[in-house]
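As structure tokens, the structure follows; a few thoughts come after it.
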Amino acid sequence: MLGGVSRATEEANRAMLRARDAMDRAYDQPLDIPALARIAYVSEAHFIRTFRATFGETPHRYLQRRRVERAMYLLLHSDRDVTDICYAVGFSSLGTFSRTFRQIVGEPPSEYRRRKAPIAATVPSCFAKAWTRPSSFG
């Protein structure tokens with residue numbers, strides 16, 4: 001045991017990081033639990049439990065949040081319409097995208113764009129990202 005972390009825990013963490021990295025790289029692709037569990041070399045049920053214990057949210061919620069983060073960027077830095085952004089970030093339904101966006105950000109995508117676009121144009125991007133990044137902790 002090095003630094004208080006067992007070898008088994010370290011291996012489990014690496015497996016979850018592999019799966020999370022795959023989600024980060026391919027957030028706009030259809031990803032399912034069986035594929036992610038295979039990346040982590042664990043069963044589906046074990047993957048969901050371990051991912052949640054490691055990162056504090058389910059794999060599905062993590063993927064939704066990553067997609068919404070990307071949508072937030074596109075809403076502020078492109079002139080693409082909301083429907084186009086919805087599909088570009090990996091959602092297959094505009095209704096699901098809008099509902100999920102509102103749950104995570106607190107307002108619908110069009111309102112977010114209307115309210116934040118003027119701020120994004122005048123504030124350094126590093127500050128804007130820090131202020132607008134959605135939190136999985138409420």
R61 side chain to Q64 side chain, donor-acceptor N/O pair below 3.5 angstrom: yes
OG1-CZ distance between T54 and R49, expressed to the nearest 0.5 angstrom: 12.0 Å
Residues E107 and R115 bridged, charged N to O under 4.0 Å: yes
For the student: nearest non-hydrogen atoms of R102 and P108, plus distance: NH2-CG, 3.4 Å
Whether Y73 and H77 hold their rings parallel, tilted or perpendicular, with breakpoints at 30° and 60°: parallel
Side chain R67, main chain Y27, donor-acceptor under 3.5 Å: yes
side-chain contact (heavy atoms from CB on, under 4.5 Å) between T50 and V42, intermediate numbers included: CA-CA 10 Å; T50 306; V42 296; over 6 Å; no
Heavy-atom check, side chain of R20 versus side chain of F51, under 4.5 Å: yes
Closest contact, heavy atoms only, A40 versus A15: O-CB, 3.4 Å
Flag side-chain contact, heavy atom, 4.5 Å: F101 against I85: no
From L75 atom CG to K116 atom NZ, the distance as rounded to the nearest 0.5 Å: 12.0 Å
Cluster check Y41, L31: I/L/V/M/F/W/Y, side chain < 4.5 angstrom: no
Pairwise side-chain contact, R113 with S78, heavy-atom cut-off 4.5 Å (strictly under): yes
Pairwise distance CD(Q29) to CG(L63) - rounded to 0.5 angstrom: 11.0 Å
Considering all heavy atoms, the nearest R80-A88 contact: NH2-CB, 3.1 Å
Atom pair CD/CG of E69 and L74 - distance to nearest 0.5 Å: 12.0 Å
Straight-line distance of D32 CG to H60 NE2, nearest 0.5 Å: 12.5 Å
Intermediate values then yes/no, side-chain contact (heavy atoms from CB on, under 4.5 Å), T83 and F91: CA-CA 10 Å; T83 303; F91 283 92; over 6 Å; no
R52 side-chain N/O to E57 backbone N/O, donor-acceptor pair under 3.5 Å: no
Derivation of the salt bridge (charged side-chain N to carboxylate O under 4.0 Å, His left out) call for E111 and R114: CA-CA 5 Å; E111 180 66 20; R114 187 190 63 72; 2.5 Å; yes
Considering all heavy atoms, the nearest S93-Y87 contact: N-CE2, 4.2 Å
Y62 side chain near D24 side chain, heavy-atom distance below 4.5 Å: yes
Straight-line distance of D21 CG to I39 CD1, nearest 0.5 Å: 10.0 Å
